[in-house]
Amino acid sequence: MEPSLEKQIKTIKRGAIDIFPEKEFDAKLKKSVETQTPLRVKLGVDPTSPDIHLGFTVVLRKLRQFQDLGHQAVLIIGDYTAVVGDPTGKSSTREALTHKTVLQNASSYLDQVSKILDRDKLEVVYNGQWFEDMRFGEVMKLASQMTVAQMLERDDFNKRYKNHTPISLHEFFYPLMQGLDSVNIKADIELGGTDQRFNILVGRDLQSNAKMSQQAALCLPILPGLDGVQKMSKSLGNYIGVDDTPKNMYGKIMSIPDHLMRTYFELLTDYDMSEVDRWLAGEKHPKESKSILGKYIVTQYHSEEDAIREEAEFNSVFASGNKPSDMPEVAIVEAQLENGQMWIVAVLEACGFGSSGGERRRLIKQGAVKFDDVKCADDKAQITIVDGMIIQAGKKRFAKLILS
RNA sequence: GGGGAGAUACUAAAGCGGCCAAAUAGGACAGACUGUAAAUCUGUUGUCUUCGACUUCGCAGGUUCGAAUCCUGCUCUCCCCA
């Protein structure tokens, strides 16, 4: 009942930047179709933060495609690897997390992952299963399978070493642990970002040492963040979370640089790329293409109604300069006022705008602050508070005052 | 174990006794221009109820009228030798 080989290859290779060894990969797929045997497709996640963002959905979507083609998706929750901390792409050692935090994150992860994957067909494995009770002798045996030179070949380690930035010994274990995961679940294919190349290769070596068939790798590009330069990551603040509100999701998509659109379409949607390329070549106004992208993403994680509503809202607020239809309400107690007035900086603080007095003053002095559309650039001003007054700081921040 | 170098704000990096709340660049934020795009120009970027005051330059002490700058101890990192 599995789809034809050609169809599988087309679906699977979309967006894939690196498949290696490609011959082995094709052979595995071919054999799977011929023998009607699903492949075991591995994806490892480290629940280092409680929520996931679009960058990670790139690989999740790929895993889902494998599921839809009838293969067995295996999601490894790296409850132990997360404690070690993946040094990939890091320029310094990662903060250690407690195992407890990691487990808490993991459950929230699974909920979010279910928005993309078919949870019923998903095999979920915690790698603490085999790491928890490992004896020291076994650890040494694992460590002996890789040399220091091999580790230092890795680009990020290499850079850190050359820059004289510290590398802790335990960080060398990360790739080994990830590799051992592949051995234990007998992976045929491992998915990952291109930055996982090294780790996945270690898995191949360990599998080979364990006298089993080696996994093939399918690497996907790293999704750039909203700034269009650095990779999407929570710590850089350039991310869209799958749990973001429809408003934020749509708004964030609209703010990405144009050159990012093609990548986002390719990695985050199922639109036919030849069609997308025509749009981007000038068939559609860039803003329109971006809106299609935004709506697609909002629809995927929320609903079509949300998407349509946010588009209309967005156009109303930003294109026509209207106020948002709903904005956070801030309650002001009358007792806080003097003669019905309040110091401007205190008002902003009550609204939650800015993180310090200095920053709030800065906003005021730069003319970013408006009360019912009246700009006030005086940081000493006393504002007469009126019930229902709308306060704006910059283009994006709004609040409505409720006097009580 | 021995010797050497270093730790400055979000990041990189100057400063090496007063002119330092600390140059410069990036980032971030705001204004203009726009499509909440890019590019560009301009400004802001320690904290604080404003004047002005207060606390920062790895941590703890000390010298001095005065310290990011000098001294002592501690912590951490890198390099070289073993």
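Each chain gets a letter, A, B and so on, in the order the sequences are listed, and its residues count up from 1. Scope of the values below: all heavy atoms of this structure, side chains included, with no hydrogens, waters or symmetry mates.
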Contact class for [X] (heavy atom, under 4.0 Å): base, sugar-phosphate, or nothing?
{"X": "A:Pro286", "result": "base"}
{"X": "A:Gly358", "result": "sugar-phosphate"}
{"X": "A:Arg360", "result": "nothing"}

inquiry  = Distance check needed: B:C29 P versus A:Leu236 CG, whole Å only.
reply    = 13 Å
task = Take the protein atom NZ of A:Lys290 and the nucleotide atom P of B:A38, then report the distance between them rounded to whole Å.
result = 7 Å
Base paired to [N] (Watson-Crick or G-U; both N/O distances under 3.5 angstrom):
{"N": "B:U11", "result": "B:A25"}
{"N": "B:A60", "result": "B:U72"}
{"N": "B:A32", "result": "B:U40"}

query = What do you reckon, are the aromatic ring centroids of A:Phe198 and A:Phe157 less than 6.0 Å apart?
reply = no
request  = Could you say whether A:Arg362 or A:Met261 is positioned toward the 5' end of RNA chain B, judged by the nucleotide with the nearest heavy atom to each?
outcome  = A:Met261
inquiry  = Nearest heavy atom decides the nucleotide; on that basis, is A:Val345 or A:Asp258 closer to the 5' end of RNA chain B?
reply    = A:Asp258
query = OP1 or OP2 of B:A37 less than 4.0 angstrom from a side-chain nitrogen or oxygen of A:Ser255, does that happen here?
reply = no
query = OP1 or OP2 of B:U77 less than 4.0 angstrom from a side-chain nitrogen or oxygen of A:Thr165, does that happen here?
reply = no
note = Quick note, A:Leu363 side chain, CB onward, closest among B:A37, B:C29, B:U50 is B:C29
key: Candidates B:A30, B:A37, B:U77 - which lies nearest the side chain of A:Ala368   = B:A30
message = If you go through the side-chain atoms of A:Gln366, does one of them form a donor-acceptor pair with the base of B:G43 closer than 3.5 Å?
response = yes
query = Which pair of heavy atoms, one from A:Tyr80 and one from A:Asn127, lies closest together, and at what distance?
reply = N-OD1, 3.0 Å
message = Tell me whether the rings of A:Phe56 and A:Tyr109 are parallel (<30°), tilted (30 to 60°) or perpendicular (>60°).
response = tilted
ask   = Mind checking whether A:Tyr271 and A:Trp279 have parallel, tilted or perpendicular rings, split at 30° and 60°?
value = perpendicular
ask   = Looking only at atom types and distance, does a side-chain atom of A:Asp188 sit under 3.5 Å from a main-chain N or O of A:Leu39, one as donor and one as acceptor?
value = no
